[in-house]
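These notes are about the structure you will find just below.
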Amino acid sequence: MVLLAGEQKLMIMRPYQVYAVQHMVKCIDEDNGNGYIWHTTGSGKTLTSFKASTLLKENEHIHKCVFVVDRKDLDRQTREEFNKFQEGCVEENTNTAALVRRLRSEDYADKVIVTTIQKLGLALDENSKRNKQRSKNGQATYKEQLEALQDQRIVFIFDECHRSQFGENHKAIKDFFPKAQLFGFTGTPIFDANASQQKIEDTTASMRTTEDLFQKQLHAYTITHAIEDGNVLRFHIDYFKPEGKNPPKPGEAIAKKAVIEAVLAKHHAATGGRRFNAILATSSINDAIEYHTLFKTMQAEKQAADPEFKPLNIACVFSPPAELAENEAARKDIDQLSSDLPQEQADNQVEPEKKKQALESIVGDYNARYGTNHRLSEFDLYYQDVQKRIKDQQWPNADYPATQKIDITLVVDMLLTGFDSKFLNTLYVDKNLKHHGLIQAFSRTNRVLNGTKPYGNILDFRQQQDSVDAAIALFSGEKTGEQAREIWLVDKAPVVIQKLETAVQKLDDFMKSQGLDCTPSAVANLKGDEARAAFITHFKEVQRLKTQLDQYTDLTQENKASIEQVLPEENLRGFKGQYLETAKKLREQQGKGGDKSGTDDPVDQLDFEFVLFASAVIDYDYIMGLIAKFSAKGPGKSKMTREELIGLISADAKFMNERDDIAEYIGTLKAGEGLSETAIRDGYTHFKAAKNAKELAAIAARHGLEPAALQSFVDGILDRMIFDGDKLSDLYAPYDLGWKERTQKELCLMQDCAPYLVKRAGGRDISGLSAYE
């Protein structure tokens, strides 16, 4: 177990993490050489390495444990992760001097150190500028200062050991610390089949593999294991085939305009109605620049032709040319950032001034869109902001406005390794990928979130099925390539449509077993909680499969017709409304009646998964717009009837606590009344405020309280989203009651107030209120 100190949460390590730590600790205890851990991307390598480090901290035979990462962003990210587990356990090593000081320190707090391999390499390089300058000044070089550690037992743990640890820095560390033990973590090991570098021993050349560097594999938990365990998601791969007589060959690029047209057509489905975001991987900096320009012009043209068109928010990141950096510090930052970005490094050697100007323009567009003030001289801050927006794709839009989100980030090498976001679900591929590079890039999309994210979506514009199959075979672990494909990849659309048909048939059979037709209106006639719970279970499976199909980007017209035939959209919406109405009632009684541990009550065993029943498209702004259209004057202005509008709201989980209010408000409006959207919003705000005040006044009257005092009590809770028991006691302070009578009155009041507060909170959690629910 590991305590997340900052969040006061207890994290339980998974079995494979425990086994990996045990193997590492045993290897160290026995001083049995080096080793590597093959744990797939997304399996929690940071937690595993942290636990190993903390155990080593207590090992008196170990002088230091150094966790070595590659690139500045990973240094920061890993340090933040470590400090989540134990606040202040890892200090920032802002420069090489600070790293050397901590390595030499005897302080217990400095026993575990997180650093980049670049900083460590600089310390050990006698020819580095800093070491030369120190020698010239008559000072001991960093390498000379570290010589005292050569006889010490130091453990080095390398994160993602397939990256630049293959370079000279890795060799320097091994040569300088002869008693050190080296351990590598990787999600994608380098085997002979995917090695790209050679080592020369005498006259024999062989490929440089992970095993060459770390001697032996200590433990494996492959992506195949992780998918089977549900710790990462499977993949849906759409190999895009443009129309025409001469289809492109595998690996061949198609016109960028065709790619963008396909992206604009498929992005809504791929990302669940823009609930998630995407990366578009391009093959060069010039391609990324061209894509950024084309997205801008093509979307502007579409918006001019159709005012209803909503452009995607496009961001772009690639490393600036280091040679054009404003100062030495900025150049070093860029060099470190781009040290594992080979394509970008090569591209920046050609016409660097043009690359810089293009990136300045891209950052300028970003600043204009998001109201930021980033500069190329502080590129890392811009890069951090892009990453944060990708990670902060919180939903619904009421919590994080759509205007502040990124829909697609254009990249070359950046973000395709070492970057995690649960809200990134789609990768558009317009570059040739293979082996570990392909798996790393695909794995950006497969972090588990909830039922709304059933798989990682890949849309490949290069027809790379052979490369995908080869990569799956190489990294499948004990499974054969065919077995791994069945585990890694989701079923084809016709198979899932057949599963949907089976699920709908089971729902139909259940309803008929209750003597009812399988229609939304019949659900209200189900008798007993057991029958209602069974309906919840059956329809949730229907919706789960429909959610999966909704995000397929390769549905044919025939597929879509089959889905509509199996489950007409009108029926689906009706069943969603009945599901939410039924689930709301069952949830209110769930767990009531004291301790029910071990109960067979079907209601207490239900997991409602309301998130499956909330559309990313239909939010508060969308509903207000539809109501305004309903009210608009003129023939044909209203596209929806009052009943259809209310049905749409009733079928969305976001409005579960507010739909009665919205429906009642719609009932007060007249079609064709001609109210603006602003008037609609203001009218609803006043309507809701009046209704809330009336409801609260009724509660105050029932409990003999002053309405103003109760209003102040409620406003205080909703303002802070914290329930304060002392404020509840203050309500009854003027009444001079005994503690027993006061307690009874407080409990009685909260029976009425708790549901009211939950409704007013609009789905947000009020800390401390659960005790009264």
Side-chain angles (χ1 to χ4, degrees), residues 7 275 392-402 450 452 577 579-592 606-616 618-624 649-665 681-682 684-700 702-703 705 707-731 746-773:
E7 301 175 24
R275 184 189 299 261
D392 284 354
Q393 180 88 4
Q394 297 297 334
W395 181 86
N397 289 339
D399 297 332
Y400 191 56
N450 55 40
T452 65
Y579 176 100
L580 293 172
E581 185 67 32
T582 306
K584 184 179 178 183
K585 292 175 181 176
L586 292 178
R587 186 180 64 170
E588 286 171 356
Q589 68 187 66
Q590 195 176 62
K592 288 185 177 179
L606 283 178
D607 177 7
F608 296 111
E609 288 194 77
F610 289 120
V611 70
L612 280 173
F613 298 86
S615 166
I618 304 169
D619 58 12
Y620 183 81
D621 292 340
Y622 182 84
I623 289 297
M624 290 296 118
I649 297 162
S650 298
D652 197 296
K654 287 192 300 298
F655 305 109
M656 192 161 61
N657 294 317
E658 199 177 354
R659 61 182 182 170
D660 291 343
D661 289 345
I662 299 176
E664 190 177 337
Y665 175 62
R681 288 173 180 272
D682 290 344
Y684 179 60
T685 300
H686 290 129
F687 171 85
K688 195 164 61 169
K691 185 175 181 182
N692 287 337
K694 185 177 179 181
E695 187 177 344
L696 196 62
I699 293 174
R702 281 198 299 274
H703 296 275
L705 294 168
L710 186 58
Q711 183 72 58
S712 177
F713 168 69
V714 166
D715 288 346
I717 292 171
L718 294 174
D719 183 51
R720 300 174 59 217
M721 297 304 289
I722 297 172
F723 177 80
D724 188 340
D726 290 338
K727 298 293 183 184
L728 177 61
S729 298
D730 291 346
L731 268 178
E746 288 176 0
L747 291 173
C748 189
L749 171 65
M750 289 309 297
Q751 283 184 337
D752 280 348
C753 254
Y756 176 84
L757 286 165
V758 168
K759 186 178 77 170
R760 290 285 306 277
R764 293 174 296 163
D765 182 54
I766 298 176
S767 177
L769 185 63
S770 58
Y772 293 96
E773 291 186 85

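Throughout, residue positions are numbered sequentially from 1 according to the sequence presented. Just so it is clear, the structure is predicted and the values come from calculations on it, not from any experiment.
Residues satisfying the side chain to side chain donor-acceptor pair (under 3.5 Å) criterion with K584, sequence neighbours excluded, are absent altogether. A search for side chain to side chain donor-acceptor pair (under 3.5 Å) contacts involving T452 returns N450, not counting sequence neighbours. Residues satisfying the salt bridge (Lys or Arg N to Asp or Glu O under 4.0 Å) criterion with R702, sequence neighbours excluded, are D752. The side chain to side chain contact (heavy atoms under 4.5 Å, CB included) check on S712 picks up nothing, with sequence neighbours excluded. For S767, the side chain to side chain donor-acceptor pair (under 3.5 Å) test picks out no residue, with sequence neighbours left out. With sequence neighbours left out, the side chain to side chain donor-acceptor pair (under 3.5 Å) criterion links R681 to D621, E677.
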Would L769 and I717 satisfy side chain to side chain contact (heavy atoms under 4.5 Å, CB included), going step by step from the backbone distance to the final call? CA-CA 10 Å; L769 185 63; I717 292 171; over 6 Å; no
Starting from the C-alpha separation in whole Å, work towards a yes-or-no answer on side chain to side chain contact (heavy atoms under 4.5 Å, CB included) for V714 and N692. CA-CA 11 Å; V714 166; N692 287 337; over 6 Å; no
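Residues F713 and D724 come closest through the heavy atom pair CE1-O, 4.4 Å. H703 and C748 get closest at one heavy-atom pair: CE1-O, 3.3 Å. In this structure, A700 and P707 approach most closely via the heavy-atom pair CB-CA, 3.9 Å. Across all their heavy atoms, F610 and A653 have their closest contact at O-CB, 3.3 Å. Contact between Y684 and M624 at its shortest, heavy atoms only, is CD2-CE, 4.0 Å. Taking each heavy atom of I623 and I662 in turn, the nearest pair found is CG2-CG2, 4.4 Å.
In this structure, the side chains of R659 and D652 stay at 4.5 Å or more apart for every pair of heavy atoms.
The backbone N or O of T685 lies less than 3.5 Å from no partner atom in the side chain of Y665, so there is not a single donor-acceptor pair.
Of the candidates L580, D661, I649, D660, I649 is the only one forming a side chain to side chain contact (heavy atoms under 4.5 Å, CB included) with F655.
Note that CG of L731 and CG of D726 are 12.0 Å apart. Values are rounded to the nearest 0.5 Å. Interatomic distance, CZ of F608 versus OG1 of T582, reported as 9.5 Å (0.5 Å rounding). I699 contributes atom CD1, which lies 9.5 Å from atom CE of M750 (distance to the nearest 0.5 angstrom).
With salt bridges taken as basic N to acidic carboxylate O contacts below 4.0 Å, none links E695 and R760.
K585 NZ: 12 or fewer foreign heavy atoms inside a 6.0 Å radius.
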